[in-house]
Amino acid sequence: MEVLFIAAENGAIEGGKIGGIGDVIRDLPPALAALDCRVTVVIPSHGFLHLGVGSTKIGSCRFMFRGNPQSADIFEVYPPNGFPGVTQLVIHHPALSAGDAPSGRYLIYAHDPPDRPFFTDASRFAFFCAAAATAISRKLIGTFDVIHLHDWHAALVGLLRRFHPDFATLRDCRSVFSIHNLAFQGVRPLRDSESSLEAWFPELRYDWATVADPRWPDCINLMAVGIRLADRVHTVSPSYAQDIRQPSRKPQFYGGEGLEADLELVQREGRLTGILNGCRYSRAEPGRRVCFDDLLKVIRREAIRWSGDGDAVPAAQFVAVARTLDQGGRHEDPDVLLTSVARVGAQKMLLLRQNGRQGKSALHHILEGIGPRGCYILLGSGDRDYERFLTAVSASHENFIFVNGYSEKCARALYAAGDLYLMPSSFEPCGLSQMLAMREGQPCLAHAVGGLKDTVCNGYNGFTFGGATLEDQIGHFIKSTLEAVALKRENPAAWDKIRLNAAAARFTWEDAADRYVRELYG
């Protein structure tokens, strides 16, 4: 079976990953290849991914975009850890670049102001989809039985497949659309904007009801387009497929983000399937536990390195270094180490930041509850308001270290050193961090939503909490965390059993790939 993946990210290519979708696009194709599938992955170059060592131009494609002829180049790249049966491609054109970050690093996603959401990226990915659809229809990158589109970035391939006469041959392929995160939908105007459907494809004759956003009928919703037009729709965990069919009640519950009616229809038609993402495991047992002093040294080195990129030391890095020195001066290691590695924003941090019944945030309650004998270390970056909040709490609490940034070294050390991993996401399509922590023998305390509910079993391999309202969720989060800490301190035998169950849990890509072939591609 010949399968084509079309996505925004690919973790198999150096620099080609930002979030969990990049992990899926890296790890799933080799598992499918082991089941006699030949998989081709194609993503945009983002202006730089075609420049890697060994990258080879294999062709070009010409197509219409904004009413004018365009040409894009197709490169095959050869990751150092490539896999037999998987071909890695990028499509390059200057229009696919997202620009440079202030640090000088290339970007994968543009940062548009709140009053112009998706303005830049929607146009970039529309260009990419036109190029990819052309490459498929003209058999420039092979012939395929299945075209698998990932998230809103790839959805316009489905639209061109359905409505554009130049791409009618794509209908011979089975189409699958994966929802990695329904919160990001790529909503843009239908017209009267340079970043709109009719600006990108002025020649296209489309059906309004198929493309329109249910809340803003003069806009196209690219996520909805992918859902409505695919032969099969897939979510990255079984429970997420249930969650997103429920009405949204922000901020307590995110639900279907306005698309619940579309998703309920897809469910009734038998086109919706939830399959849990996997995690990579080595044949060896979990690695050596990282001692607390070594963990602090890793954090301190990374914080100092980040500080060297600018003219002044950011407050978050200064406080983090100071706190590692405070913790390093203790007479003994903390008796319980809480950890988190997360994107800093509302999805992951709302329950941690929001004030509960006593007028204090859950984070304040937890830090007071674990006391000076405990410590909580959180690694992440993202929303500036959340970053400032976490920095301020770290400055006022010696038992909290906020490491503002992302480092694989820090993340691996935290997974391997922590006692209890906190994951209070308001919603979670699948989640990978909980799997990585469990793989290292660190139990998780998680909100029982989406993939967290499918991987963490309360009292067996970790701890979960819930709640019908935001206030209830905050209260249950605090209570469950402090109860888990008390269990660790007071009943080592019971704790060790949960820890061993966490380490033994397996969520493999092999199992996921088998279901993909049987339930999505068959």
Side-chain angles (χ1 to χ4, degrees), residues 19-21 23-25 27-28 31 150-151 176-183 232-246 253-257 260 263-264 266-267 271-281 340-343 347-348 351 415 420-468 473 476-477 480 484 498-520:
I21 188 173
D23 295 307
V24 175
I25 305 304
D27 295 337
L28 178 58
H150 292 267
D151 255 355
V176 177
F177 183 75
S178 281
I179 302 170
H180 293 267
N181 193 336
L182 196 69
R232 298 289 299 187
V233 178
H234 157 255
T235 66
V236 290
S237 71
S239 290
Y240 194 53
Q242 299 172 4
D243 289 352
I244 60 178
R245 302 201 318 269
Q246 307 304 314
F253 182 68
Y254 286 72
E257 300 282 0
E260 49 269 15
L263 292 158
E264 190 58 41
V266 171
Q267 170 70 13
R271 293 192 288 125
L272 181 63
T273 301
I275 301 174
L276 187 69
N277 281 345
C279 179
R280 294 197 291 184
Y281 298 91
S340 295
V341 178
R343 178 74 178 167
Q347 176 191 348
K348 309 283 187 178
L351 297 184
Y415 292 132
L420 180 65
Y421 190 87
L422 300 188
M423 205 162 178
S425 305
S426 294
F427 68 95
E428 195 63 65
C430 177
L432 177 62
S433 293
Q434 82 277 17
M435 298 183 192
L436 296 175
M438 293 167 72
R439 185 180 69 182
E440 299 301 323
Q442 181 177 184
C444 299
L445 185 139
H447 193 183
V449 292
L452 302 182
K453 183 164 56 177
D454 294 330
T455 49
V456 181
C457 181
N458 190 48
Y460 177 72
N461 63 12
F463 310 89
T464 61
F465 68 92
Q473 291 168 15
H476 294 162
F477 171 41
S480 298
I498 291 173
R499 184 185 65 78
L500 291 173
N501 288 338
R506 289 293 179 268
F507 314 101
T508 69
W509 280 115
E510 289 75 17
D511 290 342
D514 180 67
R515 290 193 60 191
Y516 272 67
V517 172
R518 289 187 290 107
E519 299 176 38
L520 299 179

Item checked: Donor-acceptor side-chain pairing of Glu519 and Thr273 below 3.5 angstrom -> no

Checklist line | Residue pair Ile179, Phe177: steps toward the side chain to side chain contact (heavy atoms under 4.5 Å, CB included) verdict | finding: CA-CA 7 Å; Ile179 302 170; Phe177 183 75; 3.9 Å; yes

Check: Side-chain contact, heavy-atom cut-off 4.5 Å: His447 with Gln473?
Finding: yes

Check: Is the shortest heavy-atom distance from the side chain of Phe427 to the side chain of Asn181 under 4.5 Å?
Finding: yes

Next item on the list: Before giving the answer on side chain to side chain contact (heavy atoms under 4.5 Å, CB included), spell out for Phe463 and Val456 the whole-Å C-alpha distance, their side-chain angles and the decisive distance to 0.1 Å.
Entry: CA-CA 7 Å; Phe463 310 89; Val456 181; 5.8 Å; no

Check: Are any non-hydrogen side-chain atoms of Leu276 and Met435 less than 4.5 angstrom apart?
Finding: yes

Next item on the list: With rounding to the nearest 0.5 Å, note down the distance linking CD in Glu257 to CG in Asp243.
Entry: 11.5 Å

Note to self: Taking Ala31's backbone N and O only, do any of them form a donor-acceptor pair with Glu510's side chain (distance below 3.5 Å, no angle check)?
What the structure shows: no

Checklist line | Nearest-0.5 Å distance, CG of residue Asp511 to CZ of residue Arg506 | finding: 11.5 Å

Item checked: Side chains of Tyr281 and Thr508, donor plus acceptor under 3.5 Å -> no

Check: Does the distance from a Lys or Arg side-chain N to an Asp or Glu carboxylate O, for Asp514 and Arg518, drop under 4.0 Å?
Finding: yes

Next item on the list: Please confirm whether the backbone N or O of Arg280 pairs with a side-chain atom of Arg439, one donor and one acceptor, at under 3.5 Å?
Entry: yes

Next item on the list: Taking the side chain as every heavy atom from C-beta outward, state whether Trp509 and Cys279 have any pair of such atoms under 4.5 Å apart.
Entry: no

Next item on the list: Under the side chain to side chain contact (heavy atoms under 4.5 Å, CB included) rule, what do Leu520 and Ile275 come out as? Steps first, then yes or no, please.
Entry: CA-CA 10 Å; Leu520 299 179; Ile275 301 174; 4.0 Å; yes

Notebook entry, point to check: Do you know the tightest heavy-atom contact between Gly462 and Pro443?
Noted result: CA-CB, 4.3 Å

Item checked: Interatomic spacing from SG in Cys430 to CG in Asp23 - rounded to 0.5 Å -> 10.0 Å

Item checked: Side-chain donor or acceptor of Asn458 paired with backbone N/O of Thr464 under 3.5 Å -> yes

Check: What's the shortest heavy-atom distance between Ser239 and Asp454, and which atoms?
Finding: OG-OD1, 2.6 Å

Check: Atom CZ in Arg343, atom OG in Ser433: separation rounded to 0.5 Å?
Finding: 13.0 Å

Item checked: Gln267 side, atom CD; Gln242 side, atom CD - distance, nearest 0.5 Å -> 8.5 Å

Notebook entry, point to check: Do the non-hydrogen side-chain atoms of Leu263 and Leu182 ever get within less than 4.5 Å of each other?
Noted result: yes

Next item on the list: Answer yes or no: is there a donor N or O on one side and an acceptor on the other, between the side chain of Ser425 and the main chain of Glu428, under 3.5 Å?
Entry: no

Notebook entry, point to check: Are any side-chain N or O atoms of Asp151 and backbone N or O atoms of His180, one a donor and one an acceptor, separated by less than 3.5 Å?
Noted result: yes

Check: Can you tell me how far the CD1 atom of Ile244 sits from the CD atom of Glu260, to the nearest 0.5 Å?
Finding: 10.0 Å

Next item on the list: Begin with the C-alpha distance, continue with both residues' side-chain angles, and end with the deciding distance and a verdict on side chain to side chain contact (heavy atoms under 4.5 Å, CB included) for Phe477 and Leu445.
Entry: CA-CA 9 Å; Phe477 171 41; Leu445 185 139; 3.7 Å; yes

Next item on the list: For the pair Ser340 (side chain) and Leu422 (backbone), establish whether a donor and an acceptor sit closer than 3.5 Å, ignoring hydrogens and angles.
Entry: yes

Item checked: Heavy-atom closest pair, residues Met423 and Gly431 -> CE-CA, 4.1 Å

Next item on the list: Check the pair Thr455, Gln434 against side chain to side chain donor-acceptor pair (under 3.5 Å), reporting the backbone distance first and the verdict last.
Entry: CA-CA 8 Å; Thr455 49; Gln434 82 277 17; 3.1 Å; yes

Margin query: Minimum heavy-atom separation for Phe507 and Asn277, please, with both atom names.
Written below: CB-O, 4.3 Å

Notebook entry, point to check: Just checking, is any N or O donor in the side chain of Ser178 or His234 under 3.5 Å from an acceptor N or O on the other one?
Noted result: yes

Next item on the list: Say whether, by atom type as modelled, one donor and one acceptor occur between the side chain of Ser237 and the main chain of Pro429 under 3.5 angstrom.
Entry: yes

Next item on the list: Hey, can you tell me if Tyr421 and Tyr415 have their rings parallel, tilted or perpendicular (30° and 60° cut-offs)?
Entry: tilted

Notebook entry, point to check: With no hydrogens and no angle check, is any side-chain donor or acceptor of Arg245 less than 3.5 Å from a backbone partner on Ala241?
Noted result: yes

Check: Hey, does Thr235 have a side-chain heavy atom less than 4.5 Å from the side chain of Leu272?
Finding: yes

